[in-house]
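Worksheet for the structure shown next.
Below, read A as the first sequence line, B as the second, and so on, with proteins coming before strands; counting in each chain starts at 1.
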Amino acid sequence: MATANASSRSGAATAVLTVEDLSVHYDTHAGPAKAADRVSFALQPGERLGLIGESGSGKTTVAMALMRLLRPPARIAGGKVTLDGRELLSLNEEDLRQARLRDIALVPQGAMSSLNPVMRVGDQIVDAIRAHSRGDNRNDISGRVAELLRSVGLDPAVAQRYPHELSGGMKQRAVMAISTCLAPKVIIADEPTSALDVVVQRQIMQTLGRLQDGLGAAVVLIGHDMGLIAQFSDTIGVMYAGKIVEIGPVRQIIEAPKHPYTRLLIDSIPGIKKKQKLRGIPGLPPRLVNLPECCSFHPRCPYAFGECKTVTPRQQEVAPDQRVACHLYPEHDRLPERPAATEVPA
Amino acid sequence: MNKELLRYIGMRFLQFLLVIVIAVSINFLVPRLLPGDPIESLIARLQTSGGSQEMDVQAVTDAFRAKYGLDQPLINQYFNYWRDLFRFDLGVSLSSYPQSVSQMILRALPWSVGLLATATLIAFAVGSVLGAKLAWPRSSHLIRMFVPALMVLASIPFYLLAMILIYLLAVVWRVFPPAGGASPTLIMRFDMASALDILQHAMLPGLAIILGSVGLWALGMRSQTVSVLGEDYITFAQAKGLSPRRIFYRYGMRNALLPQVTALALSLGHVVSGAVLVEVIFNYPGLGALLYNAVRGQDYFLVQGVVLMLIFTLAVLLFIIDLIYPLLDPRIRR
Ligand SMILES: Nc1ncnc2c1ncn2[C@@H]1O[C@H](COP(=O)(O)OP(=O)(O)O)[C@@H](O)[C@H]1O
Ligand SMILES: [Mg+2]
């Protein structure tokens, strides 16, 4: 059912990355924490998917699962990931090593600390290139390094510097130079700007956009800032408590969000409506261990009714290419006006 | 950049000099601040302990008096002390009169340095690699069983370990000679036979040192590696698709070793004071045995000489480490 839908829905035949029912559990003393729960999406070549959700909603977990970089206590509990026609989750060590960076590259969360402090930036780029090719001659490579650094807006002289000699923005750029050095088909950028100030954030996002256009790569951009994500993406996926609760084209999501949580996220963008008070989302996300059968958002949902507390909603297509997991549908065709009476106190 | 580096080296050198001056001054002052005449009391002790039967007590006393000019003002004594140090004149041994302390130290030094430096470096290298491998995910079963055993070995009292080794390898199987630095019959030359003989004698004490300390190095390295493993740059190195080997050595061990290097320098420093226990147990003719005998024979000047030597070497080693460290860790260069 859900599995079959996921592939047919987005034209899996042409997709460069297909994720079907990907589940990741962290084994804890209290039981498995479902940090990613039946996550499905498909990515067309060159597509920009924005994954948004509060901190702790499982975004990094999904990113690491796609890179197969999860470490215990995390484990992939199920699902299928097809990268360019190959089943990623069953690749052997060596094929996986080769696929990393060449086919699927990560711009990690915490890029500030992702560079080896005792190696020059240039050497760390060379390292990445060498790992995927044999017998390159030296001049070729140093020319390539200079070109890569320029492509992310850095002076080629940065190759001779150590990470601690660079600013946060420069480190982020250096990491992007590494991640794009082999022109991967898929780039996963996990909150690439969250540690930077607003001006630098903007520049970095522009650089990422330019790189992606140049390479024709598909991008999964992870973040928690709806404004930033909406500006960048073609498609937006909203994560809550390990699940994608809504996914669809960016216009539809912004103009006609279907899931109450998406609406709250959009309302929390400052400055979209004038003079609006900054609004947070009341309540806390649930613990992910031993979640009972229910919609995990119901305690915070202004629309919640009886069924939300007893039945886990399944994803359904409510508009072209727009899927949502919410019991309001298919009864309603759009999100009703916010019911004032049931509002959750902040 | 270069100016900064020069400044850095200059600062470290000043620190080094300061340590030396303070250490030497304390070494000079302490005996003179003690109530009474140090020489007089030394001689008295020697006489009562009967440790110097054949020694002409009066001659020794006169020699010391003339040498140290204890009737002169303190400041003059201090400068004389420094002058003597620069000539590597550390005084005369009391227990082996009239041998000079510097002679005795120079004779013992190569034994200690040869044995201990080699053994310490081997233990460090082996222990570090094993400790790092132990911390690394999916290390082999061999390492998982073998290294903890080494750690247990490190907790056995050293003399016991030495006794077991002597018993097994010198008594039961007679593979190596049980004691001494070389065969008594050996005529020391620069040839294969001498080298082999010395090596054979070094095997047991060397093995004891290595077995006794490799587990400690592994232990330290394991915890360093565990913390490095959690670093983002390891994850990113994996994301780059580097080979596990490269990640282990260039990203993992390379960073985990940094704190270990200082510990290595310190334990190398102790090479000079000799490993007293090792050398006494194996009757090895190094500085440790010398120090032990000096203390037992209340050979005051000899003890002082060895201690000064130790302080000096430690200071030199730390200075060298300070110079090398920026090469190992570029973050220090600031
Ligand atoms: N090592 C771990 N052990 C147990 N649970 C973890 C661990 N790491 C993450 N989690 C859980 O996984 C959830 C998702 O984390 P993460 O993917 O980092 O979220 P995000 O990137 O969206 O902030 C968190 O709510 C957290 O409770
Ligand atoms: Mg995250």
Side-chain angles (χ1 to χ4, degrees), chain A residues 60 63-64 66-72 93-121 123-133 160-165 171 174-175 177-182 184 187-188 190 195, chain B residues 1-5 8 128 132 134-140 144 221 224-262 321-334:
Chain A
T60 299
M64 296 307 260
L66 295 180
M67 295 299 299
R68 278 191 54 193
L69 281 172
L70 290 169
R71 289 192 201 153
E93 283 293 313
E94 179 58 18
D95 289 345
L96 177 66
R97 185 183 78 68
Q98 305 238 358
R100 286 180 184 151
L101 197 65
R102 158 152 301 180
D103 298 328
I104 184 165
L106 177 73
V107 179
Q109 180 167 24
M112 301 305 124
S113 48
S114 290
L115 295 169
N116 186 348
V118 298
M119 262 175 105
R120 291 176 201 277
V121 171
D123 291 340
Q124 302 193 45
I125 302 178
V126 171
D127 229 15
I129 298 175
R130 286 253 167 83
H132 296 273
S133 60
Q160 295 306 313
R161 306 267 210 95
Y162 286 97
H164 74 269
E165 299 170 322
K171 274 188 246 184
V175 165
I178 294 175
S179 301
T180 54
C181 71
L182 299 179
I187 300 171
I188 298 171
D190 191 358
Chain B
M1 180 73 217
N2 251 338
K3 232 181 185 170
E4 261 176 53
L5 202 65
Y8 172 83
S128 295
L134 186 66
W136 213 251
R138 277 176 290 172
S139 52
S140 73
R144 266 165 212 283
M221 189 62 178
Q224 294 301 337
T225 308
V226 165
S227 73
V228 163
L229 261 178
E231 296 283 347
D232 290 337
Y233 54 76
I234 297 291
T235 310
F236 191 50
Q238 287 176 293
K240 293 204 293 192
L242 301 186
S243 69
R245 220 185 125 77
R246 180 117 183 119
I247 299 175
F248 177 75
Y249 286 108
R250 203 57 215 281
Y251 290 72
M253 259 195 90
R254 177 68 174 73
N255 281 289
L257 265 179
L258 292 176
Q260 295 286 94
V261 171
T262 311
I321 288 290
D322 275 346
L323 292 191
I324 294 177
Y325 213 82
L327 297 178
L328 298 177
D329 189 348
R331 286 165 295 186
I332 304 295
R333 270 174 233 176
R334 277 190 289 183

OG1 on B:Thr235 to CE on A:Met64, rounded to 0.5 Å: 5.0 Å
Minimum heavy-atom distance between A:Val175 and B:Phe236, given as atom pair plus value: CG1-CZ, 3.7 Å
Nearest heavy-atom neighbours spanning B:Leu328 and A:Val118: O-CG1, 3.7 Å
Minimum side-chain heavy-atom gap A:Pro117-B:Arg331 below 4.5 Å: yes
At a heavy-atom separation under 4.5 Å, does [X] approach chain B through its side chain, its backbone, both, or neither?
| X | result |
| --- | --- |
| A:Arg71 | side chain |
| A:Leu69 | side chain |
| A:Ala128 | both |

Residue pairs fulfilling side-chain hydrogen bond (donor to acceptor under 3.5 Å, both in side chains) with at least one residue in residues 100-118 of chain A, sequence neighbours excluded: A:Thr60-A:Gln109, A:Arg86-A:Asp103, A:Asp103-A:Lys185, A:Ser113-B:Asp232, A:Asn116-B:Asn255
Please table the atom pairs, donor to acceptor, closer than 3.5 Å between any side-chain atom in residues 240-249 of chain B and protein atoms at least two apart or in another chain.
from     : atom 1 : to       : atom 2 : distance (Å)
B:Lys240 : NZ     : A:Gln124 : O      : 2.7
B:Lys240 : NZ     : B:Tyr251 : OH     : 3.1
B:Ser243 : OG     : B:Arg246 : N      : 3.3
B:Arg246 : NE     : A:Asp127 : OD1    : 2.5
B:Arg246 : NE     : A:Asp127 : OD2    : 3.3
B:Arg246 : NH2    : A:Asp127 : OD1    : 2.8

Residue, of A:Gln98, A:Glu93, A:Met112, that accumulates the most heavy atom pairs under 4.5 Å with chain B: A:Glu93
Leading residue by heavy atom contact count with chain B [cutoff under 4.5 Å; candidates A:Glu94, A:Met119, A:Met67]: A:Met119
